[in-house]
Amino acid sequence: MIGDLNLMESKYPDKMSVGEAGTSLDGREIMEVILGNQESSNHILIQASIHGREYLNTILAMKQLEDILKNFENGSYRGVSYEKLFDNVCFHILPMTNPDGVTISQSGPDGIRDFFLRKQLEKCYHNDLEHGEGESSREEYWRRWKANARGVDLNRNFDSGWKEYQSVNYPSSDHYKGEKPESEPEVQAILRLAEEYPIVCTISYHSSGEVVYWDYGSSGSVLEADRKLADLVSELTGYPKESSVQSEQDAAGCSDYFVLECGIPSVTIENGSGECPLSMEEFASIWGSNALLWPALAVLGGTDFVRR
């Protein structure tokens with residue numbers, strides 16, 4: 001991924017830039033791509049693979065980026081050129097928010113370099129087995145890993161409903177919210193971007209279920225902006241909308257935080273239909289659902305649709 005990002009930046013230096021939003025516990029770069037006009041007052045945040053085993057979404061984000069760049073000079077969406085679209089908006093893309101978690105899902109604890117983190121992972125494995133939460137097969141357990149390298153589920157670590165959320169009370173492959181909100185460097189990387197730029201909406205890529213989660217309990221103008229964003233994403237992907245409140249989704253997630261604490265419309269896209277890690281056989285369908293999402297978001301993001 002990093003090699004491909006560097007190649008794209010060298011080929012399209014006037015259209016994108018690559019930097020580090022942060023560093024993981026095991027010393028991996030949390031890469032940030034900036035696409036569009038940084039002077040714009042409308043910035044959009046897209047993050048993928050905050051859960052380790054959902055790394056097919058990294059491939060999706062990378063292909064979306066490459067497709068925009070390859071067609072930047074001649075491409076258009078609904079009669080508007082890409083050059084004009086991306087002059088009105090700026091995208092911040094984290095194609096792999098949880099690089100340690102992806103490494104664990106792909107390579108097991110042997111992929112983690114830090115000795116103490118590897119010991120922590122083994123402790124997670126045995127604790128999960130004792131509580132009936134883990135897979136008896138070590139190989140399958142690591143394949144299905146969601147958390148970061150110290151067993152914190154990053155999408156339960158945001159400071160929105162964190163105190164009330166009843167997670168498992170020990171580091172685990174899944175659903176441990178951490179010792180305190182925003183304790184993890186991967187979550188801190190996302191929050192730094194939100195502090196630095198005027199973010200008007202966020203998109204979180206997850207898997208699976210082929211559904212668009214929205215409606216995190218907001219009201220008024222924030223709810224209406226969130227509805228507008230969810231309607232657009234649902235129309236483009238073909239995935240049905242589902243209220244996060246009505247379906248009783250867990251709290252303390254990325255979208256919960258931006259909607260409820262920042263008043264920024266946000267949706268979660270659940271790509272794919274199988275068990276994670278998803279098979280590459282699903283990618284063609286996922287791409288078909290998401291191919292035009294970024295140009296459509298550029299149209300919406302450039303309209304000041306969230307200004308209140």
Side-chain angles (χ1 to χ4, degrees), residues 35 44-51 53-71 75-82 85-86 89 91 93-97 155 200-216 218 223-250 253-256 258-259 264-303 305-306:
L35 174 69
I44 294 173
L45 173 61
I46 298 176
Q47 61 92 1
S49 301
I50 199 170
H51 284 149
R53 70 187 188 189
E54 298 172 15
Y55 52 80
L56 200 65
N57 288 305
T58 293
I59 301 175
L60 171 62
M62 292 291 288
K63 184 167 175 61
Q64 288 174 307
L65 175 63
E66 182 185 33
D67 191 70
I68 294 293
L69 293 171
K70 286 171 62 177
N71 295 288
S76 65
Y77 178 76
R78 296 188 175 179
V80 182
S81 70
Y82 280 4
L85 279 179
F86 288 91
V89 71
F91 281 68
I93 304 113
L94 303 180
M96 189 183 292
T97 308
N155 209 43
V200 298
C201 69
T202 81
I203 304 288
S204 296
Y205 288 163
H206 282 257
S207 293
S208 62
E210 297 185 340
V211 66
V212 176
Y213 284 115
W214 78 292
D215 182 20
Y216 292 87
S218 60
L223 178 62
E224 289 310 307
D226 205 34
R227 188 192 311 278
K228 192 171 184 178
L229 176 62
D231 285 344
L232 173 73
V233 174
S234 178
E235 178 187 352
L236 261 292
T237 60
Y239 300 160
K241 294 189 305 178
E242 187 165 333
S243 165
S244 182
V245 172
Q246 292 180 11
S247 61
E248 298 182 342
Q249 294 295 304
D250 293 336
C254 183
S255 295
D256 304 74
F258 279 109
V259 171
I264 296 173
S266 304
V267 300
T268 297
I269 304 175
E270 296 280 357
N271 286 305
S273 60
E275 286 193 358
C276 294
L278 295 174
S279 166
M280 272 301 294
E281 294 178 357
E282 290 207 49
F283 187 76
S285 175
I286 292 171
W287 172 247
S289 295
N290 287 273
L292 295 176
L293 181 60
W294 290 13
L297 288 172
V299 172
L300 187 65
T303 62
F305 80 107
V306 294

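Reckoned from all heavy atoms, side chains included, excluding hydrogens, waters and symmetry mates.
- Side-chain atoms of D256 come within 3.5 Å of backbone N or O of G253 as a donor-acceptor pair.
- Smallest separation of non-hydrogen atoms from T58 and P95: OG1-O, 2.6 Å.
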* To do: Given side chain to side chain donor-acceptor pair (under 3.5 Å), test S208 with E270 step by step and report yes or no.
  => CA-CA 5 Å; S208 62; E270 296 280 357; 6.0 Å; no
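- Looking only at side-chain heavy atoms (C-beta outward), L293 and I269 come within less than 4.5 Å of each other.
- In this structure, CG on D215 lies 7.5 Å from OG on S244, to the nearest 0.5 angstrom.
- Pairing each heavy atom of P240 with each of V211, the nearest pair is O-CG2, 3.3 Å.
- The backbone N or O of G274 lies less than 3.5 Å from a partner atom in the side chain of E282, making a donor-acceptor pair.
- When atom types are taken as modelled, the side chain of T202 and the backbone of L45 share no donor-acceptor pair closer than 3.5 angstrom.
- The two atoms that bring S207 and L278 nearest to each other are OG-CD1, 3.5 Å, heavy atoms only.
- Of the possible donor and acceptor atoms, one in the side chain of D226 sits under 3.5 Å from a partner among the backbone N and O of S266.
- Here the CG atom belonging to L223 is positioned 14.0 Å from the NZ atom belonging to K228, to the nearest 0.5 angstrom.
- Going from atom CE of M62 over to atom CG of D67 covers 13.0 Å, rounded to the nearest 0.5 Å.
- Rounding to the nearest 0.5 Å places CG of L300 at 10.0 Å from CG of L236.
- L297 has its side chain out of reach of V89: every pair of non-hydrogen atoms, C-beta onward, lies at least 4.5 Å apart.
- Expressed to the nearest 0.5 Å, how far NE2 of H206 lies from CD of Q47 amounts to 5.5 Å.
- A donor-acceptor pair is defined here as one N or O able to donate and one able to accept, closer than 3.5 Å; such a pair exists between the side chain of N155 and the backbone of C254.
- Remark: side-chain polar atoms of N57 are paired, donor with acceptor, to backbone N or O of E54 under 3.5 angstrom.
- No donor-acceptor pair under 3.5 Å is formed between the side chain of S234 and the backbone N or O of A230.
- Using modelled atom types, no side-chain atom of S76 and backbone atom of G79 make a donor-acceptor pair closer than 3.5 Å.
- Between the side chain of S49 and the backbone N or O of H51 there is no donor-acceptor pair closer than 3.5 Å.
- The side chain to side chain donor-acceptor pair (under 3.5 Å) pairs that include a residue from residues 287-296 are Q64-W294, Y205-W294, N271-N290, where partners are two or more places apart or lie in different chains.
- Proximity of K241 to Y213: side-chain heavy atoms (C-beta onward) are nowhere separated by under 4.5 Å.
- Side-chain contact between I264 and V200 is absent, with no heavy atoms from C-beta onward closer than 4.5 Å.
- Contact annotation: the side chain of M280 approaches that of L56 to within less than 4.5 Å [non-hydrogen atoms, C-beta and beyond].
- Annotation: side chain of L65 is in contact with side chain of L35 (closest heavy-atom distance under 4.5 Å).
- In terms of heavy atoms, A296 sits closest to L232 at O-CD2, 3.7 Å.
- Contact check on R227 versus E224 returns a salt bridge, with a Lys/Arg side-chain nitrogen under 4.0 Å from an Asp/Glu carboxylate oxygen.
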* To do: Evaluate the ring pair (Phe, Tyr, Trp, His ring centres under 6.0 Å) criterion for residues F91 and F86: first the C-alpha distance (whole Å), next the side-chain angles of each, then the deciding distance (0.1 Å), finally the verdict.
  => CA-CA 8 Å; F91 281 68; F86 288 91; 5.5 Å; yes
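- Atom CG in N71 sits 9.5 Å away from atom CD in E66 (nearest 0.5 Å).
- Residues satisfying the side-chain hydrogen bond (donor to acceptor under 3.5 Å, both in side chains) test with W214, not counting sequence neighbours, are none.
- The two atoms that bring S255 and T268 nearest to each other are OG-OG1, 2.9 Å, heavy atoms only.
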* To do: List the steps, then state whether side-chain contact (heavy atoms from CB on, under 4.5 Å) holds for V212 with T237.
  => CA-CA 9 Å; V212 176; T237 60; 4.0 Å; yes
